[in-house]
Amino acid sequence: MTHLGNYKLVFLGDQAVGKTSIITCFMYGNFDTNYQATIGIDFLSKTMRHEDTTFRLQMWDTAGQERFKSLIPSYIRDSSVAVIVYDVANKQSFINTSKWIEDVRAERGNHVIIALVGNKTDLVHRRQVSIEEGDNKAREFGALFIETSAKAGFNIKPLFCKIASALQGTETVTWTRQEDLVDVNLRPLTNSSHSEQQQGNCSC
Ligand SMILES: Nc1nc2c(ncn2[C@@H]2O[C@H](COP(=O)(O)OP(=O)(O)OP(=O)(O)O)[C@@H](O)[C@H]2O)c(=O)[nH]1
């Protein structure tokens with residue numbers, strides 16, 4: 001049976017890691033090399049279909065700049081998903097994800113899906129964070145994990161499919177079992193990295 005879920009997603013992470021670019025790629029299938037810092041918080045919404053469910057995703061794109069930090073906690077409080085982004089070519093942005101994850105857990109406990117996202121995989125020769133490091137941190141914090149390139153349109157749709165699968169899981173199980181279910185549900189999707197996903201194509 002088709003039904004509609006309404007979910008709030010908050011995008012967090014350091015300045016210039018690619019939060020806006022990931023959302024723009026997902027929404028419009030394009031990429032802008034010019035950097036325009038997000039001022040405060042931006043809002044976009046998109047409806048996506050996953051299996052027999054239609055999801056309305058309300059996406060809150062936060063600014064990585066320090067001066068806007070005070071705005072963020074109220075958006076964390078309201079969201080059922082936190083997408084925490086780092087740049088695989090910027091080690092410090094990866095280190096700083098721990099603080100974001102801790103903030104989200106402190107506010108929402110287990111009542112939140114956290115997706116850790118290593119962006120800019122196209123910067124192959126500048127990589128400072130391995131897939132293993134990303135995966136280990138995600139496991140440590142009970143988060144989903146995926147690497148993306150907004151520039152190449154790589155793994156962007158699968159990121160949102162992973163999130164949709166996890167949200168579907170939360171409808172049928174209690175929160176304490178959520179992490180088990182996410183593991184089981186998402187295993188087939190983790191293989192999607194063998195080929196670059198075309199924008200608009202959803203592998204799930
Ligand atoms: N090479 C490469 N560059 C990217 C990628 N994603 C984003 N960028 C570039 O990185 C810069 C910052 O991207 P944004 O999407 O604005 O980053 P942000 O995290 O939203 O930044 P704030 O709004 O300051 O928090 C821009 O110049 C983008 O073109 C990517 O996957 N690969």
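As the structure lists them, so they are numbered: ligands from 1, and atoms in each ligand from 1.
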(message) Which residues pass the salt bridge (Lys or Arg N to Asp or Glu O under 4.0 Å) test with R77, not counting sequence neighbours?
(response)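 So R77 forms a salt bridge (Lys or Arg N to Asp or Glu O under 4.0 Å) with E107.
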Pairs under 3.5 Å, N/O atoms on ligand 1 and on the protein: can you put them in a table with the distances?
unit_1: ligand 1; atom_1: 1 (N); unit_2: D122; atom_2: OD2; d: 2.8
unit_1: ligand 1; atom_1: 6 (N); unit_2: N119; atom_2: ND2; d: 3.1
unit_1: ligand 1; atom_1: 10 (O); unit_2: K120; atom_2: NZ; d: 3.1
unit_1: ligand 1; atom_1: 15 (O); unit_2: T20; atom_2: N; d: 3.4
unit_1: ligand 1; atom_1: 15 (O); unit_2: S21; atom_2: N; d: 2.8
unit_1: ligand 1; atom_1: 15 (O); unit_2: S21; atom_2: OG; d: 2.6
unit_1: ligand 1; atom_1: 17 (O); unit_2: G18; atom_2: N; d: 3.1
unit_1: ligand 1; atom_1: 19 (O); unit_2: V17; atom_2: N; d: 3.2
unit_1: ligand 1; atom_1: 19 (O); unit_2: G18; atom_2: N; d: 3.0
unit_1: ligand 1; atom_1: 19 (O); unit_2: K19; atom_2: N; d: 3.0
unit_1: ligand 1; atom_1: 19 (O); unit_2: K19; atom_2: NZ; d: 2.8
unit_1: ligand 1; atom_1: 20 (O); unit_2: T20; atom_2: N; d: 2.9
unit_1: ligand 1; atom_1: 20 (O); unit_2: T20; atom_2: OG1; d: 2.8
unit_1: ligand 1; atom_1: 21 (O); unit_2: A16; atom_2: N; d: 3.0
unit_1: ligand 1; atom_1: 23 (O); unit_2: T38; atom_2: N; d: 2.7
unit_1: ligand 1; atom_1: 23 (O); unit_2: T38; atom_2: OG1; d: 2.8
unit_1: ligand 1; atom_1: 24 (O); unit_2: Y35; atom_2: OH; d: 2.4
unit_1: ligand 1; atom_1: 25 (O); unit_2: K19; atom_2: NZ; d: 2.7
unit_1: ligand 1; atom_1: 25 (O); unit_2: G64; atom_2: N; d: 2.7
unit_1: ligand 1; atom_1: 27 (O); unit_2: T33; atom_2: O; d: 3.0
unit_1: ligand 1; atom_1: 29 (O); unit_2: D32; atom_2: O; d: 2.7
unit_1: ligand 1; atom_1: 29 (O); unit_2: T33; atom_2: O; d: 3.4
unit_1: ligand 1; atom_1: 31 (O); unit_2: N119; atom_2: OD1; d: 3.4
unit_1: ligand 1; atom_1: 31 (O); unit_2: D122; atom_2: OD1; d: 3.4
unit_1: ligand 1; atom_1: 31 (O); unit_2: S149; atom_2: OG; d: 3.4
unit_1: ligand 1; atom_1: 31 (O); unit_2: A150; atom_2: N; d: 2.9
unit_1: ligand 1; atom_1: 31 (O); unit_2: K151; atom_2: N; d: 3.2
unit_1: ligand 1; atom_1: 32 (N); unit_2: D122; atom_2: OD1; d: 2.7
unit_1: ligand 1; atom_1: 32 (N); unit_2: D122; atom_2: OD2; d: 3.4

(request) Using a strict 4.0 Å threshold on nitrogen-to-oxygen distance, state whether R105 and E102 make a salt bridge. (result)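 A salt bridge is absent here (no side-chain N lies under 4.0 Å from a carboxylate O).
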(request) Sequence neighbours left out, what passes ring-ring contact (aromatic ring centres under 6.0 Å, His included) with F43? Give chain and number order. (result)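 F43 satisfies ring-ring contact (aromatic ring centres under 6.0 Å, His included) with W60 only.
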(request) Would you verify whether the NZ or CZ of K137 falls within 45 degrees of the ring axis of F94 while also being under 6.0 Å from that six-membered ring's centre? (result)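 Judged by the rule, K137 and F94 form a cation-pi pair.
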(request) Using the ring of F26 (Phe, Tyr or Trp, six-membered ring only), decide whether K157 places NZ or CZ under 6.0 Å from its centre and within 45 degrees of its axis. (result)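 No, K157 and F26 do not form such a contact.
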(request) Quick one: list whatever passes side-chain hydrogen bond (donor to acceptor under 3.5 Å, both in side chains) with E140, sequence neighbours left out. (result)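 side-chain hydrogen bond (donor to acceptor under 3.5 Å, both in side chains) check on E140 returns nothing, list empty.
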